[in-house]
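Remember, predicted model here, so these are calculated numbers, not experimental data.
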Amino acid sequence: MFLNHAQKFSLSRVIITSSLATMAFSGKPVTPNVVVDETWYSNPEFCMKLKFWYMLAKTLAEEAAWRFAKKNSIDLVTLNPGYVIGPLLQTTLNETVEMILNLVNGAKTYPNAYYRSIDVRDVAVAHVQALEIPSASGRYCLAADDLTSLSF
């Protein structure tokens, strides 16, 4: 819907906050030695098979945005952050911060997976740069740290 408005009002660039979830769930092994970059795409069939509904939804939404942008000659930039952490605007915990708080408080139920994270303030700066830098284009991975639950 937003892209329809972009076309209607002749916006020169649209910036979408997507997610690393659109990149890292392809079924390929992702280890510390593997570099996931903007050329990676999550595989919708793989996400459906494992019931990774968030990853599936974000992947399908981003794919649809790219198709629409290309069809309508809209300059689209997607920012794909990992786990966004940092100061909260709301008084309740979101899922990412709750997970980290549980780990810090000694939860033993989280797998030793890799968590690519970035501070919310860095995500905001990336949005400004995507708007103000004329050469910005395509997809950008936003991750400052690569942590495991053992890191906490």
Side-chain angles (χ1 to χ4, degrees), residues 1-3 5-6 11-48 50-70 72-104 110-152:
M1 181 173 173
F2 181 78
L3 290 176
H5 292 297
L11 297 179
S12 59
R13 174 171 290 163
V14 173
I15 302 158
I16 293 179
T17 306
S18 187
S19 172
L20 279 181
T22 67
M23 299 177 172
F25 296 90
S26 63
K28 300 176 194 174
V30 179
T31 64
N33 299 326
V34 173
V35 176
V36 176
D37 65 19
E38 70 280 357
T39 65
W40 279 51
Y41 285 87
S42 290
N43 180 320
E45 290 78 27
F46 177 78
C47 293
M48 281 191 285
L50 296 179
K51 299 182 180 180
F52 289 169
W53 306 125
Y54 175 80
M55 292 73 168
L56 176 63
K58 292 299 274 187
T59 300
L60 295 176
E62 186 180 327
E63 287 176 353
W66 281 111
R67 279 193 307 276
F68 185 88
K70 189 172 193 167
N72 295 285
S73 300
I74 295 172
D75 180 15
L76 177 64
V77 175
T78 62
L79 302 178
N80 301 68
Y83 286 97
V84 179
I85 57 174
L88 302 175
L89 294 176
Q90 73 277 9
T91 57
T92 58
L93 293 179
N94 60 32
E95 185 176 329
T96 304
V97 174
E98 184 177 22
M99 178 195 71
I100 293 169
L101 182 61
N102 288 341
L103 287 169
V104 169
Y110 289 97
N112 188 25
Y114 290 93
Y115 300 97
R116 286 137 189 105
S117 64
I118 186 162
D119 191 287
V120 67
R121 294 162 288 198
D122 294 329
V123 175
V125 169
H127 280 79
V128 171
Q129 290 177 330
L131 177 66
E132 293 181 346
I133 297 173
S135 62
S137 67
R139 306 169 82 209
Y140 291 90
C141 299
L142 302 180
D145 296 302
D146 191 17
L147 306 170
T148 69
S149 56
L150 296 178
S151 303
F152 299 100

Under the salt bridge (charged side-chain N to carboxylate O under 4.0 Å, His left out) test, residues paired with Arg13 that sit two or more places apart |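 Partners of Arg13 under the salt bridge (charged side-chain N to carboxylate O under 4.0 Å, His left out) test: Asp75.
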
Which side-chain N or O atoms in residues 52-61 pair as donor and acceptor under 3.5 Å with protein atoms at least two apart or in another chain?
unit_1	atom_1	unit_2	atom_2	d
Thr59	OG1	Met55	O	2.7

Closest heavy-atom contact between [X] and [Y]?
| X | Y | result |
| --- | --- | --- |
| Ile74 | Phe68 | CD1-CE2, 3.7 Å |
| Thr39 | Tyr41 | O-CD1, 3.5 Å |
| Ser42 | Cys47 | CB-SG, 4.2 Å |

Could you list the donor-acceptor pairs under 3.5 angstrom formed by side chains in residues 125-135, with sequence neighbours left out?
unit_1	atom_1	unit_2	atom_2	d
His127	ND1	Val123	O	2.8
His127	NE2	Thr17	OG1	2.6

Please examine the side chains of Val34 and Trp40, heavy atoms only from C-beta on, and report whether any two atoms are closer than 4.5 Å.
->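 Touching, per the 4.5 Å side-chain cut-off.
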
Any side-chain heavy atom of Ile16 within less than 4.5 Å of one from Leu79?
->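 The answer is no, as the side chains (C-beta and beyond) never meet within the 4.5 Å cut-off.
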
Would you check if the side chain of [X] reaches a backbone N or O of [Y] as a donor-acceptor pair within less than 3.5 Å?
| X | Y | answer |
| --- | --- | --- |
| Ser26 | Asn43 | no |
| Asp122 | Ile118 | no |
| Asp119 | Arg121 | yes |
| Tyr140 | Ser137 | yes |

Judged by modelled atom types alone, do Glu62 and Asn80 share a side-chain donor-acceptor pair under 3.5 Å?
->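 Distance-only check passes for Glu62 and Asn80.
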
Side chains of Thr22 and Arg139: do they bring a donor and an acceptor to under 3.5 Å?
->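 Yes - a donor-acceptor pair under 3.5 Å links their side chains.
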
Residue pair Tyr83, Leu20: steps toward the side-chain contact (heavy atoms from CB on, under 4.5 Å) verdict | CA-CA 8 Å; Tyr83 286 97; Leu20 279 181; over 6 Å; no

